[in-house]
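For reference, the structure discussed in these notes is given below.
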2 protein chains.
Amino acid sequence: MSHHYATIQFLRQQGYRLTPQREMVVLAILDQEGHFTAEEVYRQVRRQSEAVNIATIYRTLDLLCDLGILTAFQVAGEPLRYERADSPSHHHLICRQCGTMIDLPDQVLHPLQEMLLDQYNFAAEFRHIAISGLCARCRDAQT
Amino acid sequence: MSHHYATIQFLRQQGYRLTPQREMVVLAILDQEGHFTAEEVYRQVRRQSEAVNIATIYRTLDLLCDLGILTAFQVAGEPLRYERADSPSHHHLICRQCGTMIDLPDQVLHPLQEMLLDQYNFAAEFRHIAISGLCARCRDAQT
DNA sequence: AATGTACTTGCAACTCTTTGCAAGAACGAT
DNA sequence: ATCGTTCTTGCAAAGAGTTGCAAGTACATT
């Protein structure tokens, strides 16, 4: 899903119509690195064309999430962020005090995942989670 | 923290002023069982007095979170929910196929919590999390 | 009890996101 | 190439929550 044409084709395959707006959004998100907000995609798209409404951006990003091309996550109090689903799976530690975000590799959750499968017979799917807490500095500052 | 007077005193101890608005919010949340939204607290408080603004409700709930009297959590796509911090911590496994909810004792997350503290120096706070995945039955049905 | 200051509140405006609805457009069928 | 259906979009308004600012008030000080 790294080339925009593949994504466009996939859209059509799923029975969605190919509109210029959707194509521009797809192009814009392939340009982004890491995670991005709807607002950022909007600004990027607007550089190409005035004729796009922010509501369409939101709807398209939502659609791309449903199709598994994007994943979304939210840091409390901040706008929703999107990320390409083909980027390596990872999670975030977010300090509730200072807002620092620490990237967390996927495998950190493997032990928990195995445990839930063993003891609860439940196949947990951690797509893109954000764990809230206190970072080292804010914890030190508190005491 | 089960009696409202204790909470009120605690507020004052921390250097916050005791206003009728804050007292009414504290009384209202002690009335609630389980989790509740800002809107629900607002309605409850409005039954006592017209003279409270929704912004004050939000600010007070926010303050009570900071003080550790409440915790907040959000189910995606739903309004933020608050819960008394002294209620027993509970988590859920939610099957994305059949919707079954499995209760999860708090200590299940302890190993992960310790690991994050050890290796990332991050004090994770798991309050009322919902883990999505597939339960045993739906997994069997799929193969 | 009156006063001053700093904290709080109410209000209105604003941010982020979603939604209803009518107008517009993609695309399969003719 | 045209038509019709159905999907999409733009627009405006609404929902959820936050914020700046001026007015109000709790509380320590006198």
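As the structure is a prediction and not an experimental result, all values here were calculated from the model.
Between the CD atom of B/Gln13 and the C1' atom of C/dC7 there is a distance of 18 Å, rounded to whole Å. Regarding A/Tyr42, its OH atom lies at a distance of 13 Å from the P atom of C/dT15, rounded to whole Å. Between the CE atom of B/Met24 and the P atom of D/dA26 there is a distance of 11 Å, given to the nearest Å. Here the C1' atom of nucleotide C/dT8 and the CG atom of B/Asp62 are 14 Å apart, to the nearest Å. B/Leu64 has its CG atom 12 Å from the P atom of C/dT8, to the nearest Å. Atom CG of B/Leu61 is separated from atom P of C/dT8 by 15 Å (rounded to the nearest Å). In this structure, the CD1 atom of B/Ile8 is 10 Å from the P atom of D/dC27, given to the nearest Å. Atom CG of A/Leu80 is separated from atom P of D/dG15 by 21 Å (rounded to the nearest Å).
Out of C/dC16, C/dT9, D/dT8, the shortest distance to the side chain of A/Pro79 is found at C/dC16.
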Distances under 3.5 Å only, N/O to N/O: pair up the protein atoms with those of nucleotides 27-30 of chain C.
| residue | atom | partner | partner atom | Å |
| --- | --- | --- | --- | --- |
| C/dC27 | OP1 | A/Arg12 | NE | 3.2 |
| C/dC27 | OP1 | A/Leu18 | N | 3.1 |
| C/dG28 | OP1 | A/Arg12 | NH2 | 3.3 |

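Contacts between residues 48-57 of chain A and DNA chain C, counted as heavy-atom distances below 4.0 Å, involve A/Ala55.
B/Leu67 and B/Leu70 fall within a single hydrophobic cluster, where Ile, Leu, Val, Met, Phe, Trp and Tyr side chains are chained together by heavy-atom contacts under 4.5 Å. If you chain together hydrophobic residues whose side chains sit under 4.5 Å apart, A/Leu27 and A/Tyr58 never meet in one group.
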Exercise. Could you walk me through whether A/Tyr82 and A/His35 pass the ring-ring contact (aromatic ring centres under 6.0 Å, His included) check?
Worked result: CA-CA 5 Å; A/Tyr82 301 86; A/His35 40 76; over 10 Å; no
Exercise. When you look at A/Tyr42 and A/Arg46, which way does the side-chain hydrogen bond (donor to acceptor under 3.5 Å, both in side chains) test go after all the steps?
Worked result: CA-CA 6 Å; A/Tyr42 182 54; A/Arg46 282 303 275 258; 2.3 Å; yes
Problem set entry | Verdict with supporting geometry, B/Gln44 and B/Glu40, side chain to side chain contact (heavy atoms under 4.5 Å, CB included) | CA-CA 6 Å; B/Gln44 177 97 8; B/Glu40 280 158 13; over 6 Å; no
Exercise. B/Leu116 and A/Leu104: side chain to side chain contact (heavy atoms under 4.5 Å, CB included), yes or no, with the steps?
Worked result: CA-CA 10 Å; B/Leu116 293 175; A/Leu104 200 62; 3.9 Å; yes
For this session: For side-chain hydrogen bond (donor to acceptor under 3.5 Å, both in side chains), just list the numbers for B/Asn121 and A/Arg139, CA-CA rounded to whole Å, side-chain angles, deciding distance to a tenth of an Å, and then say yes or no.
Result: CA-CA 9 Å; B/Asn121 222 327; A/Arg139 208 142 31 78; 2.9 Å; yes
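No more than 12 heavy atoms of other residues, nucleotides or ligands sit less than 6.0 Å from atom CD of A/Glu33.
Looking at B/Arg22, its side chain does come within 3.5 Å of a backbone N or O of B/Arg17 through a donor-acceptor pair.
Residue contacts shown for A/Gln21 are limited to sugar-phosphate atoms, with no base heavy atom under 4.0 Å away.
For C/dT18, the OP1/OP2 oxygens have no side-chain nitrogen or oxygen of A/Tyr58 closer than 4.0 Å. Here B/Arg59 does not reach the OP1 or OP2 of D/dT18: none of its side-chain N or O atoms lies under 4.0 Å away.
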